[in-house]
Visitor: 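Structure incoming, see below.
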Amino acid sequence: MKKMSKWIVTCAWPYVNYIPHLGTMIGSALSADVIARYLRMKGEEVVFVSGSDEHGTPIEVEAVRRGTNPKSLCDENHRKISELFKRWNISFDNYSRTESEYHKEFVKNFYLRLYGKGFVYEEEVELPFCPRCQRFLPDRFISGACPYCNFEDARGDQCDGCGRLLEPLKLLQPKCAICGSKPEVKKTKHWFFDFPKLTEKLKEYIESAPLLTENAKNMSLSLLKEGLRARSLTRDNKWGIEAPFPGSEGKTIYVWMEAILGYISATIEYFANVGSKDKWREYWFDKKCRLLCFIGKDNIPFHTLILPALLMASNEGYVLPWGVSATEYLLFEGQKFSKSRRIGIWIDEALEMFPVDYWRYVLLSTRPEGRDSSFSWSVFKELVNTQLNDTLGNFVHRVLTFTSRTFSSLIPAPRSSWVSEELWVQVLKRFSACTHNLDNLRIKDALQEVMNLARDGNKYLNEQAPWDLIKRGDVERASTCIYVCLNAIKSLSIMLTPFIPTTANEIWKALGLQSHVWEESWYEATKPLEPGTRILEVKPIFTKIK
RNA sequence: AGCGGGGUGGGGAAGUCAGGUCAUCCCGCGGGGCUCAUAACCCCGAGAUCGGUGGUUCAAAUCCACCCCCCGCUACCA
């Protein structure tokens with residue numbers, strides 16, 4: 001038996017000004033869930049945490065727009081999103097939020113210690129300020145005409161007309177994007193994290209990190225090559241965590257710089273809630289514990305450079321990300337998901353249309369691992385109908401039906417040489433390939449391997465033709481064939497569990513097994529069924545769509 | 001503009017870092033088989049000079065140079 005290890009599995013914290021869409025789902029929570037479930041089934045010690053990212057300007061603005069306040073808006077969205085993650089069967093141990101007291105406490109103390117270690121310094125800067133909103137304006141909250149091409153609706157950081165990068169104050173007729181007033185320039189003081197100090201150590205880290213996806217590694221190295229710049233830690237927002245530095249009253253910590261520490265605070269909160277207050281240290285301070293982060297490509301620098309830098313700077317012995325799995329983008333019918341233009345599907349409306357496992361299967365099958373991929377209804381329909389339903393569903397159904405009619409619903413006894421049957425050999429092969437792929441976070445390939453096993457099953461059944469064997473009176477060979485097929489179904493059920501747990505469990509139950517499949521060991525996939533067990537009444541597990 | 005990623009039969013993808021064993025997989029399409037099964041399943045076949053041009057090599061989807069097209073990022077959006 002393999003030695004157990006500790007794992008902290010995390011996924012990017014959704015920003016909760018709105019409900020997450022399918023792209024957010026596949027890039028973070030769903031991918032992380034597959035691996036968390038897989039590791040637990042292997043018997044590893046896993047803590048799977050995430051939470052709602054709640055602070056910052058966009059939430060403040062959204063709250064104003066809805067005529068509410070940031071806190072109520074966040075309470076409501078956090079509640080909705082937590083509920084949705086449950087309905088998507090995301091097996092978080094703790095889905096926390098940046099408004100959690102544990103988080104605020106941890107962040108303030110952490111930065112205070114960093115300050116004490118000389119990694120934080122203050123500097124005066126000039127920033128655009130809206131006198132009417134009484135608010136400093138992030139670049140994107142300023143709009144105006146582009147000074148190069150006269151495009152009228154250029155944002156403060158970049159012109160959508162000509163693509164040029166802009167200085168917000170060089171726009172012609174600059175306007176506050178919230179109220180339309182003319183911004184002025186105001187001096188303000190901010191605190192900065194001395195990030196460049198750690199360039200060499202970060203380079204070593206990136207080069208030796210065990211499991212970075214290619215995009216994560218390349219982008220990080222390229223940023224290091226360009227040279228790091230100090231990151232500002234503070235903002236003049238009201239809605240956020242108070243900056244704890246001497247003289248920083250009235251400032252809050254920049255959202256990213258606090259949310260990224262949520263992985264730690266959510267672990268602390270989790271263990272406090274289950275009554276083992278100090279146990280989080282056994283994860284975060286154990287050099288052999290593996291921290292695994294699931295993110296979309298836009299979050300790469302924060303996980304491969306900023307988080308490690310903060311943890312290194314603290315010099316307190318935190319584990320650095322052991323693996324970072326960054327997906328490319330999921331597009332919707334070839335276009336970017338867009339809330340304002342209503343392009344895409346959001347995780348609440350998805351569940352109103354189809355069962356959760358249909359979505360999980362399609363998203364995991366099209367997971368953008370090497371390049372952007374596109375969700376489309378035609379792909380959705382193809383995958384559900386031809387793969388889930390025809391290949392997998394039908395294999396299970398024909399075997400169970402045959403068992404029920406020919407063997408009175410009892411699992412038949414095979415002849416002793418059954419282990420050398422072709423399909424069983426395939427089971428062992430597919431199982432080991434699937435395991436290997438999951439170990440390397442190749443989720444799509446792993447799932448493909450499972451589906452291939454269902455194909456092997458259909459093929460074996462056609463070749464053996466047990467209905468023919470029965471007609472010719474060869475009950476022993478027919479029994480062996482069906483026994484092997486039933487065992488393949490059991491393996492399928494185990495292997496499907498991380499991907500589509502509800503369906504996997506239905507299959508498991510159909511075989512007459514009593515437990516919940518997710519409580520079983522991963523290695524149960526290659527252990528044979530007990531002949532004589534009664535299978536349940538057969539009903540199709542999927543239905544075709546449209 | 002700079003940086004990063006991508007362009008592979010009709011659609012969707014793998015293969016490219018370590019050149020040959022490579023043109024693969026899922027669908028679609030054409031033909032055949034089977035009748036246990038949700039018109040499902042199985043077999044066979046047609047279809048691609050791997051974005052373009054040039055180069056290196058006995059050999060290039062893979063390496064080099066230049067060009068065209070798509071997407072993302074560029075640090076105060078989060």
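Everything numeric here is computed off the predicted structure, so don't read it as measured data. Reckoned from all heavy atoms, side chains included, excluding hydrogens, waters and symmetry mates. Lettering follows sequence order; numbering is per chain, from 1.
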Visitor: So what does A:F302 touch, heavy atoms closer than 4.0 Å: a base, only the sugar-phosphate, or nothing?
Guide: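 Base, at least one base atom sits under 4.0 Å.
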Visitor: When we call it a touch if two heavy atoms are under 4.0 Å apart, what does A:N458 touch: a base, just sugar-phosphate, or nothing?
Guide: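 Answer is sugar-phosphate: A:N458 comes under 4.0 Å of backbone atoms only.
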Visitor: Please state the P separation for the pair B:A23 and B:G33 - nearest whole angstrom.
Guide: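 That atom pair is separated by 32 Å.
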Visitor: Classify the nucleic acid contact of A:F395 as base, sugar-phosphate or nothing, counting any heavy atom under 4.0 Å across all strands shown.
Guide: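 No contact.
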Visitor: If I take atom CG in residue A:L400 and atom C1' in nucleotide B:U38, what distance separates them, rounded to the nearest angstrom?
Guide: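 These atoms are roughly 13 Å apart.
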Visitor: When all nucleic acid strands are considered with a 4.0 Å heavy-atom cut-off, which category describes A:Q387: base, sugar-phosphate, or nothing?
Guide: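 Sugar-phosphate contact only.
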Visitor: Taking pairing as Watson-Crick or G-U wobble with both contacts under 3.5 Å, can you name the mate of B:A1, or confirm there isn't one?
Guide: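 Base partner found: B:U74.
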Visitor: Hey, does A:K544 reach any base, or is it just sugar-phosphate, or nothing, if we go heavy atoms under 4.0 Å?
Guide: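 Sugar-phosphate: the residue A:K544, judged by heavy atoms under 4.0 Å, touches backbone atoms but no base.
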Visitor: Taking any heavy-atom pair under 4.0 Å as a contact, classify A:L392: base, sugar-phosphate, or nothing.
Guide: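 A:L392: no heavy atom of the nucleic acid under 4.0 Å.
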Visitor: Any side-chain N or O of A:R231 below 4.0 angstrom from OP1/OP2 of B:C76?
Guide: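 Yes.
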Visitor: Cut-off 3.5 Å, side chains only: do A:H103 and A:T98 have a donor facing an acceptor?
Guide: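 Judged by distance alone, the side chains do not pair up.
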Visitor: Would you say B:A14 has OP1 or OP2 under 4.0 Å from some side-chain N or O of A:K444?
Guide: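 Yes.
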Visitor: Hey, does A:G296 reach any base, or is it just sugar-phosphate, or nothing, if we go heavy atoms under 4.0 Å?
Guide: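 Contact class for A:G296: none.
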Visitor: For nucleotides B:C64 and B:G7, find the distance between their P atoms and express it as a whole number of Å.
Guide: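 That atom pair is separated by 15 Å.
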Visitor: If you measure only the distance, is there a donor-acceptor pair under 3.5 Å linking the side chains of A:S31 and A:R367?
Guide: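 Short answer, yes.
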Visitor: I'd like to check A:E463 versus A:K459 (side-chain heavy atoms, cut-off strictly below 4.5 Å). Are they in contact?
Guide: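 Of all side-chain heavy-atom pairs linking A:K459 with A:E463, at least one is under 4.5 Å.
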Visitor: Once you apply a heavy-atom cut-off of 4.0 Å, does A:V255 come out as touching a base, just sugar-phosphate, or nothing?
Guide: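 Sugar-phosphate, no base atom in range.
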Visitor: Should A:R371 be listed as having a side-chain N or O under 4.0 Å from OP1 or OP2 of B:A14?
Guide: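 Looking at the OP1 and OP2 atoms of B:A14, one of them is under 4.0 Å from a side-chain N or O of A:R371.
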Visitor: Rounding to an integer number of angstrom, what distance separates B:G2 and B:A75 when you compare their C1' atoms?
Guide: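 Nearest-Å result for B:G2 against B:A75 at atom C1': 14 Å.
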Visitor: Test for a donor-acceptor pair under 3.5 Å between the base of B:C36 and the side chain of A:H397, counting only N and O atoms.
Guide: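 No.
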Visitor: Is A:P58 touching bases, backbone alone, or none of the nucleic acid, heavy atoms closer than 4.0 Å?
Guide: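 Answer is sugar-phosphate: A:P58 comes under 4.0 Å of backbone atoms only.
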Visitor: Can you tell me how the ring of A:Y95 sits relative to the ring of A:F85, calling it parallel under 30°, perpendicular over 60° and tilted otherwise?
Guide: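 Correct class here is perpendicular.
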Visitor: Rounding to the closest angstrom, what is the interatomic distance between B:C26 and B:C67 at atom P?
Guide: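 The answer is 39 Å between these two P atoms.
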Visitor: Centroid distance below 5.5 Å plus an interplanar angle below 30 degrees: do A:W467 and B:C36 meet both conditions?
Guide: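 Here the ring of A:W467 and the base of B:C36 are stacked, with centres under 5.5 Å and planes under 30°.
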Visitor: Suppose you measure atom P in B:A61 against the same atom in B:C17; what distance do you get, rounded to whole Å?
Guide: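 Their P atoms lie roughly 12 Å apart.
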Visitor: Go ahead and name the base partner of B:A65; Watson-Crick or wobble counts if both distances stay under 3.5 Å, otherwise write none.
Guide: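 Matched B:A65 with B:U53 under the 3.5 Å cut-off.
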Visitor: Is the backbone of A:V16 close enough, under 3.5 Å, to the side chain of A:N77 for a donor and an acceptor to pair up by distance?
Guide: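 A pair under 3.5 Å: yes.
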Visitor: Could you check whether A:S376 gets within reach of a base, just the sugar-phosphate, or nothing at all, counting any heavy atom under 4.0 Å?
Guide: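 Counting heavy atoms under 4.0 Å across all strands, no contact is made by A:S376.
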Visitor: Indicate, with a heavy-atom threshold strictly under 4.0 Å, whether A:N17 touches base, sugar-phosphate, or nothing.
Guide: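 Touches nothing.
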Visitor: If the cut-off is 4.0 Å, is A:S365 near the phosphate of B:C26, judged by side-chain N/O to OP1 or OP2?
Guide: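 For A:S365, the contact criterion (side-chain N or O under 4.0 Å from OP1 or OP2 of B:C26) is not met.
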Visitor: From CH2 of A:W191 over to P of B:C76, roughly how many Å is that when rounded to an integer?
Guide: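 The distance from CH2 of A:W191 to P of B:C76 comes to 17 Å, rounded to the nearest Å.
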Visitor: Pairing check on B:G10: which nucleotide meets the Watson-Crick or G-U wobble criteria with it, both distances under 3.5 Å?
Guide: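 Answer to the pairing question: B:C27, which forms a Watson-Crick or G-U pair with B:G10.
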Visitor: Measure the distance from NZ on A:K539 to C1' on B:A40 and round it to the nearest whole Å.
Guide: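 Spelled out: NZ on A:K539 to C1' on B:A40 is 20 Å.
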Visitor: Could you state the atom-to-atom distance from OH of A:Y329 to P of B:G5 in whole Å?
Guide: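 These atoms are roughly 15 Å apart.
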Visitor: Provide the distance between the two C1' atoms, one in B:C68 and one in B:G51, to the nearest whole Å.
Guide: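 That atom pair is separated by 8 Å.
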Visitor: For B:U38, does either OP1 or OP2 sit under 4.0 Å from a side-chain N or O belonging to A:R398?
Guide: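 Answer no for this pair, as no side-chain N or O of A:R398 is under 4.0 Å from OP1 or OP2.
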Visitor: Suppose you measure atom C1' in B:G28 against the same atom in B:A48; what distance do you get, rounded to whole Å?
Guide: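 That atom pair is separated by 16 Å.
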Visitor: State, without any angle test, whether A:R455 and A:N452 hold a side-chain donor-acceptor pair at a distance under 3.5 Å.
Guide: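 There is such a pair (donor and acceptor under 3.5 Å, judged by atom type) between the side chains of A:R455 and A:N452.
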Visitor: Apply side-chain contact (heavy atoms from CB on, under 4.5 Å) to the pair A:K71 and A:E99, showing each step before the final yes or no.
Guide: CA-CA 9 Å; A:K71 176 68 179 162; A:E99 268 293 285; 3.4 Å; yes
Visitor: Please determine whether a side-chain nitrogen of the Lys or Arg among A:K217 and A:E207 lies less than 4.0 Å from a carboxylate oxygen of the Asp or Glu.
Guide: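 No, A:K217 and A:E207 are not salt-bridged.
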Visitor: Give A:R367 one of three labels, base, sugar-phosphate or nothing, depending on what nucleic acid heavy atoms sit under 4.0 Å from its own.
Guide: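 Result for A:R367 = nothing.
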Visitor: Measuring only the P atom in each nucleotide, how far is B:A60 from B:A14? A whole number of Å is fine.
Guide: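 So the two P atoms sit 25 Å from each other.
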Visitor: Please confirm whether the shortest side-chain N or O distance from A:N389 to OP1 or OP2 of B:A40 is below 4.0 Å.
Guide: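 For B:A40, OP1/OP2 do not have a side-chain N/O of A:N389 under 4.0 Å.
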Visitor: Scan A:F136 against the nucleic acid and name what it touches under 4.0 Å (heavy atoms): base, sugar-phosphate only, or nothing.
Guide: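 Nothing, no nucleic acid heavy atom in range.
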